[in-house]
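Data first, discussion second: the structure below is written as structure tokens.
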Amino acid sequence: QVQVAESGGGLVQAGGSLNLSCTASGLNFDSYAMGWFRQAPEKEREGILCVSSTGRNKVYADSVKDRFTISRDNSKNTLFLQMDSLKPEDTAVYYCATRSNSHCAGSWNNVRNYDYWGQGTQVTVSS
């Protein structure tokens, strides 16, 4: 069966950096686009980044543009999220998910367009 798992969350001060990883197994990893989402308490899950199956095309939400970077290593079935210049409002549970196709076109930030999800990892940014 498909398994998706995030790692790397933690506590960091505002202005700091954090790296998250996500591994996926049980599927042809290099056939699917991947996304990062986050969910703060009492808020809806927000799509923040998407990367195409090849890694060449990336889409960023305005809230994280110029601060967060998404990448992937298909040889290791791993997705990465580099987060810089973190702000307290970035505090959330971060999730990775596999998209239903290979690209990020269309409603890339809609949770309904993703099939498999990890359990999430907590990121807390202190002021």
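Excluded from the calculations below are hydrogen atoms, water molecules and symmetry mates; all remaining heavy atoms, backbone and side chain alike, are included.
When only modelled atom types and interatomic distance are considered, Arg99 and Tyr32 share no side-chain donor-acceptor pair under 3.5 Å. Side chains of Asp84 and Ser17: a donor-acceptor N/O pair is present below 3.5 angstrom, by distance only.
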Side chain to side chain contact (heavy atoms under 4.5 Å, CB included), that's the test. Do Thr124 and Thr91 meet it? Break it down for me. CA-CA 5 Å; Thr124 303; Thr91 294; 4.3 Å; yes
Leu18/Asp90 under side chain to side chain contact (heavy atoms under 4.5 Å, CB included): CA gap, chis, key distance, verdict: CA-CA 11 Å; Leu18 207 58; Asp90 293 319; over 6 Å; no
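Residues satisfying the ring pair (Phe, Tyr, Trp, His ring centres under 6.0 Å) test with Phe37, not counting sequence neighbours, are Tyr114, Trp117. Listed by chain and residue number, Asp115 satisfy the side chain to side chain donor-acceptor pair (under 3.5 Å) test with Ser100 (two or more places apart in sequence, or in another chain). Partners of Ala105 by side chain to side chain contact (heavy atoms under 4.5 Å, CB included), not counting sequence neighbours, listed by chain and number: His103. Residues satisfying the side chain to side chain contact (heavy atoms under 4.5 Å, CB included) criterion with Asp62, sequence neighbours excluded, are absent altogether.
Atom CZ of Phe29 is separated from atom OG1 of Thr98 by 9.5 Å, given to the nearest 0.5 angstrom. Between the CD atom of Glu89 and the OG atom of Ser127 there is a distance of 10.0 Å, given to the nearest 0.5 Å. For the atom pair Tyr60 OH and Ile70 CD1, the distance stands at 7.0 Å (nearest 0.5 Å). Once rounded to the nearest 0.5 Å, the distance linking CG of Asp30 with CG of Asp73 reads 11.0 Å.
Two different hydrophobic clusters hold Tyr95 and Trp36 under the rule that ILVMFWY side chains link at heavy-atom gaps under 4.5 Å. Criterion: ILVMFWY side-chain heavy atoms under 4.5 Å apart, direct or through other members. Under it, Val125 and Leu81 are part of a common hydrophobic cluster. Under the 4.5 Å side-chain contact rule for hydrophobic residues, Val93 and Val123 do not share a cluster. In the hydrophobic clustering of this structure, Ile48 groups with Leu86; members are Ile, Leu, Val, Met, Phe, Trp, Tyr whose side-chain heavy atoms approach within less than 4.5 Å, directly or through other members. Leu49 and Phe80 fall into different hydrophobic clusters, where Ile, Leu, Val, Met, Phe, Trp and Tyr are joined by side-chain heavy atoms under 4.5 Å apart, directly or via other members.
The backbone N or O of Ser126 sits nowhere less than 3.5 Å from a side-chain atom of Gln13 that would complete a donor-acceptor pair. Between the side chain of Arg67 and the backbone N or O of Ser85 there is at least one donor-acceptor pair closer than 3.5 Å. Looking only at distances, no side-chain donor or acceptor of Gln119 sits under 3.5 Å from a matching main-chain atom of Ala5. Distance alone, capped at 3.5 Å, is enough to place a donor-acceptor pair between the Asn74 side chain and the Ser53 backbone. Side chain of Thr121 to backbone of Glu6: no donor-acceptor contact under 3.5 angstrom is found.
Under the side-chain contact (heavy atoms from CB on, under 4.5 Å) test applied with Val64, the options Lys87, Glu46, Arg38, Met83 reduce to a single match, Arg38.
Legend: disulfide (SG to SG under 2.5 Å) pairs involving residues 42-91, not counting sequence neighbours, sorted by first then second residue: Cys50-Cys104. Pairs passing the disulfide (SG to SG under 2.5 Å) check and including a residue from residues 14-43, sequence neighbours excluded, read Cys22-Cys96.
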